[in-house]
Amino acid sequence: MKAFDEFTDADFRRTVIGAIRLLAILTAVGAVLLWLKLGWQSAALLLVGALISGSGLWEWLRLMTAVMAQMDAEPGGTGKAKPMGRVLLGFFLRLGLTVVLLYGSLKVLHGSVFALAAGLGLGVFCLSIEGIRLMKAWTV
């Protein structure tokens, strides 16, 4: 059994990558089911929501990796930490793109808004599942 102070950057990365992988699988299955039940527009809205959710997870991984690299870098040393400005710029650009994508998809696609909400919620669901798996692996 591991202690919490043994949680490494690799554990964090593995958890987020696992959540993104689970998100892709659930999105593919859900899109097919929605296409058959409610039509292609609802399936497309689910895909848009899942894309936004997955990009949020990916951006969170990049942001946390950069923060951890900054914390691990020696002051005045030649650490390989990425500049935070570039990472933050990418984060805020993704947020702006998210707003445009949400507005555009709701304006153009006339499917179920609940499909879009489900796609947006899939990221939190998948990250929760991976967190429970991590806790189970560390406690059992």
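Hydrogens, waters and symmetry mates play no part in the numbers below; they use all other heavy atoms, side chains included.
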Fill in the blank from the handout: Interatomic distance, CZ@F12 vs CD1@I17, rounded to 0.5 Å, equals 9.5 Å
Exercise for the section: Could you grab the distance from atom CZ of F125 to atom OG of S53, nearest 0.5 Å is fine? Expected result: 12.0 Å
Exercise for the section: To the nearest 0.5 Å, tell me how far L63 CG sits from R94 CZ. Expected result: 10.5 Å
Just distance, no hydrogens or angles: give the donor-acceptor pairs under 3.5 Å from side chains in residues 99-107, sequence neighbours left out.
residue: S105; atom: OG; partner: L101; partner atom: O; Å: 3.0
residue: S105; atom: OG; partner: L102; partner atom: O; Å: 3.1

Problem - I129 reachable from W58 in the ILVMFWY side-chain graph, under 4.5 Å edges - result: no
Exercise for the section: Indicate if L45 and L38 have the same hydrophobic cluster label, given that clusters are the connected sets of ILVMFWY residues with side-chain heavy-atom separations under 4.5 angstrom. Expected result: no
Completion exercise
For R13 and L61 the tightest heavy-atom approach is NH1-CD2, 3.5 Å
Problem - Spacing of CH2 belonging to W60 relative to CG belonging to L127, to within rounding of 0.5 Å - result: 10.0 Å
Fill in the blank from the handout: Between the CG atom in L57 and the CD1 atom in I52, the distance rounded to the nearest 0.5 Å is 12.5 Å
If you look only at distance, which donor and acceptor atoms sit under 3.5 Å apart when one is on a side chain in residues 18-37 and the other is two or more places apart or in another chain?
residue: T27; atom: OG1; partner: L23; partner atom: O; Å: 2.6

Practice task
Starting at CG of L46, measure out to CD of Q41 and round the result to the nearest 0.5 Å.
Solution key: 14.0 Å
For residues 109-124, run the donor-acceptor check on the side chains, cut-off 3.5 Å, and write out each pair with its distance to 0.1 Å, sequence neighbours left out.
residue: H110; atom: NE2; partner: V108; partner atom: O; Å: 3.4
residue: S112; atom: OG; partner: F114; partner atom: N; Å: 3.2

Exercise for the section: Treating Ile, Leu, Val, Met, Phe, Trp and Tyr as nodes and any side-chain heavy-atom pair under 4.5 angstrom as an edge, say whether L97 and L88 lie in one connected cluster. Expected result: no
